[in-house]
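Single-structure report; data block below.
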Amino acid sequence: MKELISAALEARKNSYSPYSGYSVGAAVLCKDGSIFTGCNIENASYGATMCAERTALFSAVAAGHRDFEAIAIVGGKADETDLPYPCGICRQVLSEFCGRDFRVIVARSTHDFEEHTLGDLLPYSFSL
Ligand code: THU
């Protein structure tokens, strides 16, 4: 988990967030042990903004991965660190590929974090 949080902290450095000043980094752990990272990427047309979690998950899927174990998320205003719980859209997107046991780690640092499951964060999720 510490390695995954470190990868998210590193990815956060690439956050493009001039509008909110809230920078987020995420790292997804695939079942084969590979890690994909992402950051939030904002847009002047605010609704076009992409969250860090989806950037990370989509880059993993685009590289051919569909089996996931965990995600670590870090973020906050400027250099501060919050506990950045994933937004509703990201929870729904995670539920497309990940089961109820998928681990969601929200972290302030490698030694200060909470661990949840996707099932806890998104009960009764929508699926077709
Ligand atoms: N953000 C994320 O990257 N992940 C979330 O789950 C919630 C919000 C980003 C989007 C936007 O760039 C900034 O945080 C403030 O909403």
Side-chain angles (χ1 to χ4, degrees):
M1 282 311 110
K2 290 194 190 315
E3 189 187 336
L4 200 62
I5 294 167
S6 293
L9 286 165
E10 196 57 32
R12 185 187 176 197
K13 293 178 185 166
N14 292 328
S15 166
Y16 176 72
S17 40
Y19 303 105
S20 72
Y22 194 96
S23 58
V24 186
V28 174
L29 175 64
C30 305
K31 286 209 167 138
D32 69 358
S34 53
I35 290 175
F36 288 80
T37 61
C39 59
N40 56 331
I41 305 167
E42 298 188 344
N43 193 277
S45 176
Y46 296 170
T49 290
M50 181 54 61
C51 290
E53 299 90 320
R54 279 177 287 153
T55 308
L57 189 77
F58 289 162
S59 65
V61 172
H65 295 268
R66 293 195 182 168
D67 296 317
F68 303 108
E69 187 78 35
I71 188 169
I73 312 161
V74 298
K77 280 261 182 193
D79 288 335
E80 292 167 27
T81 49
D82 230 350
L83 277 182
Y85 299 100
C87 77
I89 295 174
C90 287
R91 293 178 197 204
Q92 176 65 29
V93 169
L94 287 167
S95 78
E96 184 71 28
F97 294 98
C98 311
R100 294 185 52 81
D101 293 340
F102 178 77
R103 298 155 75 187
V104 179
I105 290 102
V106 285
R108 289 194 189 87
S109 69
T110 52
H111 52 269
D112 181 7
F113 59 89
E114 288 180 6
E115 182 170 329
H116 301 276
T117 65
L118 187 59
D120 288 342
L121 295 178
L122 189 68
Y124 309 107
S125 67
F126 177 78
S127 64
L128 290 174

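Owing to the predicted nature of the structure, the values given are computational and were not obtained by experimental measurement. All heavy atoms count here, side chains included; hydrogens, waters and symmetry mates do not. All ligand and atom numbering here is 1-based and tracks the order in the structure.
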Any chance CG of L83 has more than 12 other-residue heavy atoms, nucleotides or ligands included, within less than 6.0 Å?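 Yes, CG of L83 has more than 12 neighbouring heavy atoms, counting only those of other groups under 6.0 Å.
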Can you tell me how far the CG atom of N40 sits from the CZ atom of R12, to the nearest 0.5 Å?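 So the CG of N40 and the CZ of R12 are separated by 9.0 Å.
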Could you list the residues that satisfy ring pair (Phe, Tyr, Trp, His ring centres under 6.0 Å) with Y16, not counting sequence neighbours?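 Result, ring pair (Phe, Tyr, Trp, His ring centres under 6.0 Å) vs Y16: none returned.
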Do D32 and S34 have a side chain donor and acceptor closer than 3.5 Å? yes
Set of residues satisfying side chain to side chain contact (heavy atoms under 4.5 Å, CB included) with respect to S20, sequence neighbours excluded: S17, Y22, E42
Qualifying residues under side chain to side chain contact (heavy atoms under 4.5 Å, CB included), relative to S109, sequence neighbours excluded: H111, D112
Any protein N or O within less than 3.5 Å of an N or O in ligand 1? List each pair with its distance, or say none.
{"from": "ligand 1", "atom 1": "3 (O)", "to": "A52", "atom 2": "N", "distance (Å)": "3.0"}
{"from": "ligand 1", "atom 1": "4 (N)", "to": "E53", "atom 2": "OE1", "distance (Å)": "2.8"}
{"from": "ligand 1", "atom 1": "4 (N)", "to": "E53", "atom 2": "OE2", "distance (Å)": "3.4"}
{"from": "ligand 1", "atom 1": "6 (O)", "to": "E53", "atom 2": "OE1", "distance (Å)": "3.4"}
{"from": "ligand 1", "atom 1": "6 (O)", "to": "E53", "atom 2": "OE2", "distance (Å)": "2.7"}
{"from": "ligand 1", "atom 1": "6 (O)", "to": "C87", "atom 2": "N", "distance (Å)": "2.8"}
{"from": "ligand 1", "atom 1": "12 (O)", "to": "N40", "atom 2": "ND2", "distance (Å)": "2.9"}
{"from": "ligand 1", "atom 1": "12 (O)", "to": "E42", "atom 2": "OE2", "distance (Å)": "2.5"}

